[in-house]
Asker: 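Structure incoming, see below.
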Amino acid sequence: MGYDQSALAGKRILVTGAGRGIGRCCAVSCAQLGAEVIAVARTAADLETLAEESGGQVEAWVCDVASEELLDRVSGLERLDGLVNNAGTNRVGPMADQSAENLDAVLGLNVRAVYRIAQAAIPALRRAGGGSIVNMSSQMGHVGSPGRTLYCMSKHAVEGLTKAMAVELAEEGIRVNSVAPTFVLTPLTEPMLANPEFAEWVMGMIPAKKLASPEDVANACVYLLSDLSASTTGTSLRVDGGWTAR
């Protein structure tokens with residue numbers, strides 16, 4: 001099963017954090033469905049292999065998502081139909097032990113960069129006559145979890161930002177939604193899930209008893225980027241196997 005191969009035909013979509021994991025899968029999926037994809041990541045080698053894998057449908061931008069260079073390039077685009085605001089990070093540990101450096105790192109990438117990239121994309125979305133922004137959130141944007149105060153705080157902020165943006169931009173035809181996955185096996189989570197005790201805890205929290213795949217998350221993003229979700233804005237699509245339904 002899958003989307004019609006022309007589901008995103010004619011759309012220009014920018015994906016941040018596209019070098020690996022969920023972001024890479026989103027970029028590939030969008031390209032396969034007809035979109036012209038701008039893939040943003042810091043590692044040139046990751047983007048080179050992504051471009052090869054996507055058969056020429058991907059334009060690689062080697063940029064730091066927190067840089068002024070990227071903001072200028074995004075705001076200067078002639079048009080943009082979709083944005084997947086995917087780049088993010090985590091610093092796991094007890095609240096009492098978290099450093100100011102960790103606080104700044106998580107808020108800087110998960111909140112500030114998400115805000116500024118979305119802000120920079122608005123002119124290009126307006127020039128396209130509207131479009132769709134998908135902010136990558138997490139199930140942790142809806143619940144709390146031990147050892148994840150920084151991450152939970154940042155993803156709750158993403159959920160609030162998504163709602164506020166959706167209300168503010170609705171009349172311009174710009175839809176804003178979030179996708180909130182459960183744990184996904186990616187280079188970021190693999191070391192954590194290699195711990196049997198932690199993996200058992202995670203599976204015990206998911207009624208469906210399985211992790212989400214990068215493809216599951218990418219499919220949710222494609223839906224929100226496509227015209228299939230034309231009346232959907234200000235919502236969070238939870239790809240969490242039922243974690244937050246408890």
Side-chain angles (χ1 to χ4, degrees), residues 14-24 26 40-43 46 62-72 74 83-122 133-166 168 176-195 197-199 201-202 205 211-212 214 217 236 238-240 243-244:
L14 188 145
V15 182
T16 68
R20 302 179 184 180
I22 291 171
R24 186 185 184 95
C26 286
V40 180
R42 289 181 298 177
T43 306
D46 289 339
V62 181
C63 287
D64 188 319
V65 295
S67 69
E68 294 295 327
E69 175 195 358
L70 177 60
L71 299 176
D72 290 342
V74 172
L83 165 65
V84 181
N85 231 337
N86 169 72
T89 191
N90 194 4
R91 296 289 190 277
V92 178
M95 182 176 181
D97 299 336
Q98 289 288 6
S99 65
E101 180 182 4
N102 283 348
L103 175 63
D104 290 343
V106 172
L107 291 181
L109 190 55
N110 291 9
V111 182
R112 190 175 190 274
V114 167
Y115 187 99
R116 297 206 71 200
I117 292 168
Q119 185 181 42
I122 290 171
I133 296 175
V134 180
N135 293 324
M136 191 59 65
S137 180
S138 166
Q139 65 187 17
M140 297 302 175
H142 298 275
V143 296
S145 182
R148 285 169 173 76
T149 52
L150 296 182
Y151 193 72
C152 288
M153 173 175 58
S154 70
K155 293 304 183 180
H156 276 74
V158 168
E159 293 294 346
L161 172 61
T162 297
K163 291 181 176 69
M165 287 179 62
E168 182 170 326
V176 188
N177 295 283
S178 69
V179 169
T182 186
F183 285 91
V184 180
L185 189 59
T186 68
L188 182 66
T189 62
E190 192 171 3
M192 295 184 287
L193 292 166
N195 180 329
E197 184 178 344
F198 179 75
W201 174 74
V202 167
M205 294 294 290
L211 301 176
V217 183
S236 180
R238 306 183 196 188
V239 187
D240 69 353
W243 183 307
T244 61

Asker: With heavy-atom distances below 4.5 Å as the criterion, would you say the side chains of Val179 and Ile22 are in contact?
Answerer: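 Sidechains of Ile22 and Val179: no contact.
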
Asker: Out of curiosity, Asn102 CG to Leu107 CG, how far, rounded to the nearest 0.5 Å?
Answerer: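 Going from the CG atom of Asn102 to the CG atom of Leu107 covers 10.5 Å.
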
Asker: Taking all heavy atoms of Thr244 and all of Asp240, pick out the closest pair and write down the distance.
Answerer: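 Between these two residues, the closest heavy atoms are OG1-OD2, 2.7 Å.
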
Asker: Taking the side chain as every heavy atom from C-beta outward, state whether Val202 and Leu211 have any pair of such atoms under 4.5 Å apart.
Answerer: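 A side-chain contact exists here, since the closest heavy-atom pair is under 4.5 Å.
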
Asker: Does any non-hydrogen side-chain atom of Val65 lie less than 4.5 Å from one of Leu109?
Answerer: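 The answer is yes, as the side chains (C-beta and beyond) meet within the 4.5 Å cut-off.
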
Asker: Between Thr16 and Asn85 (side chain of the first, backbone of the second, donor and acceptor by atom type, cut-off under 3.5 Å), is there such a pair?
Answerer: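 Flag not set: sc Thr16 to bb Asn85 has no pair under 3.5 Å.
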
Asker: Looking only at heavy atoms, which two atoms of Ser138 and Glu159 are closest? And how far apart?
Answerer: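 Closest approach of Ser138 to Glu159, heavy atoms only: O-OE2, 4.4 Å.
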
Asker: Rounded to the nearest 0.5 Å, what separation is found between the CH2 atom of Trp201 and the CG atom of Asn195?
Answerer: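 Answer rounded to 0.5 Å: 11.5 Å.
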
Asker: Would you say that more than 12 heavy atoms from the other residues, nucleotides or ligands in this model lie under 6.0 Å from the CD of Gln119, or not?
Answerer: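 Yes - once you tally the heavy atoms of other residues, nucleotides and ligands closer than 6.0 Å, there are more than 12.
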
Asker: Atom CD of Gln139 and atom CH2 of Trp243: how far apart are they, to the nearest 0.5 Å?
Answerer: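 If we round to the nearest 0.5 Å, Gln139:CD and Trp243:CH2 are 4.5 Å apart.
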
Asker: For Cys63 and Val40, which heavy atoms make the closest approach, and how far apart are they?
Answerer: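 Scanning both residues, the minimum pair turns out to be O-CG1, 3.9 Å.
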
Asker: Looking at residues at least two apart in the chain, or sitting in another chain, which of them share a ring pair (Phe, Tyr, Trp, His ring centres under 6.0 Å) with Tyr115?
Answerer: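 Per chain and number, Tyr115 pairs via ring pair (Phe, Tyr, Trp, His ring centres under 6.0 Å) with no residue.
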
Asker: How far does OG1 of Thr149 sit from CZ of Arg91, to the nearest 0.5 angstrom?
Answerer: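 Between Thr149 OG1 and Arg91 CZ, I get 13.0 Å after rounding to 0.5 Å.
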
Asker: With a sphere of 6.0 Å drawn around CE of Met192, does it hold more than 12 non-hydrogen atoms of other residues, nucleotides or ligands?
Answerer: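 Enclosed.
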
Asker: Would you indicate whether the side-chain heavy atoms of Met136 and Pro181 approach each other to under 4.5 Å?
Answerer: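 Answer yes - side chains close enough.
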
Asker: Heavy-atom distance under 4.5 Å between the side chains of Leu150 and Leu103, does that happen here?
Answerer: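 Sidechains of Leu103 and Leu150: in contact.
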
Asker: What are the two closest non-hydrogen atoms of Met165 and Ala118, and how far apart are they?
Answerer: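 The pair with the smallest heavy-atom distance is CE-CB, 3.6 Å.
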
Asker: State the CE-CZ distance between Met205 and Phe183, to the nearest 0.5 angstrom.
Answerer: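 Met205 atom CE to Phe183 atom CZ measures 9.5 Å (nearest 0.5 Å).
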
Asker: Output yes when a side-chain donor or acceptor of Arg148 lies under 3.5 Å from a complementary backbone atom of Asn90, and no otherwise.
Answerer: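 Side chain of Arg148 to backbone of Asn90, a donor-acceptor pair under 3.5 Å: no, none is there.
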
Asker: Treating Arg24 as the side-chain partner and Ala18 as the backbone partner, does any N or O pair qualify as donor plus acceptor under 3.5 Å?
Answerer: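 No; zero donor-acceptor contacts below 3.5 Å.
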
Asker: Could you check whether any side-chain N or O of His156 sits under 3.5 Å from a backbone N or O of Met140, counting only pairs where one atom can act as donor and the other as acceptor?
Answerer: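 Checking the backbone N and O of Met140 against the side chain of His156, a donor-acceptor pair under 3.5 Å is found.
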
Asker: Got Thr89 and Asn110 here, is their nearest side-chain heavy-atom distance under 4.5 Å?
Answerer: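 Touching, per the 4.5 Å side-chain cut-off.
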
Asker: Distance from Ser236 atom OG to Asn135 atom CG, nearest 0.5 Å?
Answerer: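 Reported value, rounded in 0.5 Å steps: 10.0 Å.
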
Asker: Which atom pair, heavy atoms only, marks the closest approach of Val111 to Ala157?
Answerer: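 In this case the closest contact between Val111 and Ala157 is CG2-CB, 3.9 Å.
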
Asker: Taking all non-hydrogen atoms of both residues into account, name the closest pair between Ser178 and Ser137 and its distance.
Answerer: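 Scanning both residues completely, I find the closest heavy atoms to be CB-CB, 4.0 Å.
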
Asker: Once side-chain contact (heavy atoms from CB on, under 4.5 Å) is applied, do any residues pair with Glu68, and if so which ones, sequence neighbours excluded?
Answerer: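 If we apply the side-chain contact (heavy atoms from CB on, under 4.5 Å) test to Glu68, skipping adjacent residues, the hits are Leu71, Arg116.
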
